[in-house]
Amino acid sequence: MKVLGRDKLISFSKKHTNVKAALDVWFDEVSNADWRVPQDIKNRYSSADFLSDNRVIFNIKGNHYRLVVKVRYQGGIVVVEWVGTHADYDKRSF
């Protein structure tokens with residue numbers, strides 16, 4: 001998959017250095033993935049949650065952080081929409 005929005009991950013990692021390694025692993029795994037349907041994501045990330053409009057929520061670093069992306073399955077593109085702490089996620093509505 002081609003991941004767009006890595007700058008958001010890097011920027012967040014600079015403020016929260018303890019999550020950098022986990023986000024790097026996620027980025028590398030997704031960059032090498034070939035997701036064609038939501039089940040492909042669920043097969044690898046069993047805790048992933050799915051929202052409308054092909055958006056997916058990932059738990060990062062033991063669910064201390066959340067990552068929201070939009071997946072374009074046909075184009076092989078993942079767009080990072082938001083990354084933050086679990087507490088910040090709870091304050092938002094997606």
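Each residue takes its place number in the sequence, starting with 1. The structure displayed is predicted, hence computed values, not measured ones.
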Engineer: Atom CZ in Arg44, atom CD in Glu29: separation rounded to 0.5 Å?
Structural biologist: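 Arg44 atom CZ to Glu29 atom CD measures 4.0 Å (nearest 0.5 Å).
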Engineer: Taking only residues two or more places apart in sequence, or in another chain, which ones meet Lys2 in a side chain to side chain donor-acceptor pair (under 3.5 Å)?
Structural biologist: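 If we apply the side chain to side chain donor-acceptor pair (under 3.5 Å) test to Lys2, skipping adjacent residues, there are no hits.
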Engineer: Whether the side chain of Asp90 engages the backbone of Ala87 through a donor-acceptor N/O pair (distance < 3.5 Å, no angle test) should be reported.
Structural biologist: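 Such a contact is absent between Asp90 side chain and Ala87 backbone.
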Engineer: If you round to the nearest 0.5 Å, how far is NE2 of His64 from NE2 of His86?
Structural biologist: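 His86 NE2 to His64 NE2: 10.5 Å, rounded to 0.5 Å.
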Engineer: On a heavy-atom basis, which atom in Gly5 and which in Val80 lie closest, and how many Å separate them?
Structural biologist: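 Looking at all heavy atoms of both residues, the closest pair is O-CB, 3.8 Å.
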Engineer: Check step by step if side chain to side chain contact (heavy atoms under 4.5 Å, CB included) holds for Arg66 and Ile60.
Structural biologist: CA-CA 6 Å; Arg66 292 282 179 100; Ile60 304 293; over 6 Å; no
Engineer: Any chance you could measure Lys8, atom NZ, to Ser13, atom OG, to the nearest 0.5 Å?
Structural biologist: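 The OG atom of Ser13 is 14.0 Å from NZ of Lys8, to the nearest 0.5 Å.
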Engineer: Hey, could you give me the NE2/OH distance between His16 and Tyr65, rounded to the nearest 0.5 Å?
Structural biologist: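 The OH atom of Tyr65 is 6.0 Å from NE2 of His16, to the nearest 0.5 Å.
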Engineer: How many angstroms lie between CE in Met1 and CD1 in Ile41, if you round to the nearest 0.5 Å?
Structural biologist: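 Spacing of CE (Met1) from CD1 (Ile41) equals 7.0 Å.
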Engineer: Are Ile57 and Phe12 linked, directly or through other ILVMFWY residues, by side chains that come within less than 4.5 angstrom of each other?
Structural biologist: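 No, it is not one cluster - the side chains of Ile57 and Phe12 are not joined through contacts under 4.5 Å.
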Engineer: Decide whether Val25 and Trp35 are clustered together by the hydrophobic rule: side chain heavy atoms of Ile, Leu, Val, Met, Phe, Trp, Tyr closer than 4.5 Å, transitively.
Structural biologist: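 No, Val25 and Trp35 fall in different hydrophobic clusters.
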Engineer: Could you tell me whether Lys20 and Asp24 make a salt bridge, using a distance below 4.0 angstrom between a side-chain N and a carboxylate O?
Structural biologist: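 Yes, charged N to carboxylate O under 4.0 Å.
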Engineer: Mind listing the side-chain donor-acceptor pairs of residues 70-79 below 3.5 Å, one per line with the distance, residues two or more places apart or on another chain?
Structural biologist:
{"unit_1": "Lys70", "atom_1": "NZ", "unit_2": "Asp53", "atom_2": "OD1", "d": "3.4"}
{"unit_1": "Lys70", "atom_1": "NZ", "unit_2": "Asp53", "atom_2": "OD2", "d": "2.7"}

Engineer: Starting from Leu4, can I reach Val30 by hopping between I/L/V/M/F/W/Y residues whose side chains sit under 4.5 Å apart?
Structural biologist: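 No, Val30 and Leu4 fall in different hydrophobic clusters.
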Engineer: Verify the distance criterion only: is there a donor paired with an acceptor across the side chains of Tyr89 and Asn63 at less than 3.5 Å?
Structural biologist: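 No.
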Engineer: Identify which one of Leu23, Val68, Val83, Leu67 satisfies the side-chain contact (heavy atoms from CB on, under 4.5 Å) criterion when paired with Phe58.
Structural biologist: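 For Phe58, the side-chain contact (heavy atoms from CB on, under 4.5 Å) test succeeds with only one of Leu23, Val68, Val83, Leu67, which is Leu67.
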Engineer: Might you work through the side chain to side chain contact (heavy atoms under 4.5 Å, CB included) test for Val3 and Trp26, ending with a clear yes or no?
Structural biologist: CA-CA 11 Å; Val3 181; Trp26 179 90; 4.2 Å; yes
Engineer: Nearest 0.5 Å, please: how far is NZ in Lys61 from OG1 in Thr85?
Structural biologist: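 One gets 13.5 Å once the value is rounded to the nearest 0.5 Å.
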